[in-house]
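Computed from a predicted model, the values in this text were never measured in an experiment. Side chains included, hydrogens not; waters and symmetry mates left out as well; all remaining heavy atoms used.
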There are 2 protein chains.
Amino acid sequence: MDTENVHCCGSFSERANLDKWIERLQSTGMKLTAPRQAILEYLHNQSHPITNREIYNGISNDCDLASVYRSISLFIKIGFVQQFDFGDGIARFELVEPGSHSHHHHIICNVCSKVIELDHCFPDSLSETIAKHTGFTQITHKLEFFGLCSNCK
Amino acid sequence: MDTENVHCCGSFSERANLDKWIERLQSTGMKLTAPRQAILEYLHNQSHPITNREIYNGISNDCDLASVYRSISLFIKIGFVQQFDFGDGIARFELVEPGSHSHHHHIICNVCSKVIELDHCFPDSLSETIAKHTGFTQITHKLEFFGLCSNCK
DNA sequence: TTTTAATTGCGAATGCTTTGTAATATGCAT
DNA sequence: ATGCATATTACAAAGCATTCGCAATTAAAA
């Protein structure tokens, strides 16, 4: 069993981890509101990137959808959340554990949308290595670079 | 001067290349319509991936925007066009030269959106190599994998 | 030329995301 | 504790890329 994806609701360590996020939020000077707490808690319980609507559904009537969008934008701006693009036009988000090796990728099934986190970055020995690690086949990937060009730096 | 990006309107070779695309379209059994010719011609004159709206504006009143979307979808389905995602929620498209090394990537300036084609795939020796080749700095990249998981294959 | 089916134009609708605004709640100072 | 100033929210509406339905048109074959 893959214990990485187990999240026991209410366990001491999980609660402590969530409290750290709340402390971090307060230390930024931003207000600690009920929607932001609910969103942080929900994000914290996920093991894969999730959409704004999934967050909204997950915390149901605790908060408006527009507030989810605004909170997530804030979390991205202060470095709490990382955005992923799975190519379907819906943004997905994940908490960034501070100090951890946050740079990672995913492989998504074209049929069932199953997501597997790739612990390491395999940019070179691409298809074969990933196929062996995950059991996926017909592997493709999207790769784009961003930066500052010589005129703009 | 980088002659790869020079496109002389009406030159013999350019016209011959465009005619090849038209012949290829006819050979698929699809109808050769005015909008499809205009879109192929416009795509053919570009050196970077372009959006549906850019195509629509480029051929102005020759064709409806919805028809651009439909034609591009067709071109993707028959392998004429490749789609790129620069992370801004707008799909971009490029003609795929048959038999060529079509797999490539781009680097996009975060400030001015300048696009540079990367002739080769540098998935491993990432930032330094690209920085040397392009003069870009603060390089980041987005990479996601797609495929069929073991349950779906 | 006639026929037939693919394709277009037009308008409306969809779905994700953003924005305007009045009401509300937070954090701070008193 | 209480009141204040301001950030934040809920709600509604708008924005934008994209898709769809359908009648009118057009390309390709007979």
Engineer: Once you apply a heavy-atom cut-off of 4.0 Å, does B:Asp88 come out as touching a base, just sugar-phosphate, or nothing?
Structural biologist: nothing
Engineer: Protein within reach of the bases, or only the backbone? For nucleotides 18-26 of chain C, mark each nucleotide 5' to 3' as B, S or -, using heavy atoms under 4.0 Å.
Structural biologist: BBB----BB
Engineer: Looking at residues at least two apart in the chain, or sitting in another chain, which of them share a side-chain contact (heavy atoms from CB on, under 4.5 Å) with A:Tyr69?
Structural biologist: A:Asn52, A:Leu65
Engineer: Kindly write out the residues that satisfy side chain to side chain donor-acceptor pair (under 3.5 Å) with A:Arg92, not counting sequence neighbours, or none if the list is empty.
Structural biologist: A:Asp88
Engineer: Taking any atom closer than 4.0 angstrom to a non-hydrogen atom of chain B, what span of DNA chain D does the protein reach, first nucleotide to last?
Structural biologist: D:dA17 to D:dA28
Engineer: What integer distance in Å separates A:Ile22:CD1 from C:dG27:C1'?
Structural biologist: 16 Å
Engineer: Taking C-beta and beyond as the side chain, do A:Trp21 and A:Leu43 meet within less than 4.5 Å on heavy atoms?
Structural biologist: no
Engineer: In terms of the nearest nucleotide of DNA chain D, which residue is placed more toward the 5' end: B:Ala91 or B:Gln26?
Structural biologist: B:Ala91
Engineer: With a 4.5 Å limit on heavy-atom distance, are the side chains of B:Asn57 and B:Arg53 in contact?
Structural biologist: yes
Engineer: Who passes side-chain contact (heavy atoms from CB on, under 4.5 Å) against A:Arg70, sequence neighbours left out?
Structural biologist: A:Ala66
Engineer: In whole angstrom, give the distance that lies between atom CD1 of A:Ile72 and atom P of C:dC16.
Structural biologist: 16 Å
Engineer: Could you go through residues 22-35 of chain A and list every donor-acceptor pair under 3.5 Å that involves a side-chain atom there, pairing it with any protein atom two or more places apart or in another chain?
Structural biologist:
from	atom 1	to	atom 2	distance (Å)
A:Ser27	OG	A:Arg24	O	2.7
A:Thr28	OG1	A:Leu25	O	2.5
A:Thr28	OG1	A:Met30	N	3.3
A:Thr33	OG1	A:Arg36	N	3.4

Engineer: Not counting sequence neighbours, which residues clear side chain to side chain donor-acceptor pair (under 3.5 Å) with B:Asp64? List them please.
Structural biologist: none
Engineer: Just to verify, what does A:Glu94 make a side-chain contact (heavy atoms from CB on, under 4.5 Å) with, not counting sequence neighbours?
Structural biologist: A:Pro49, A:Phe84, A:His104, A:His106, A:Glu117
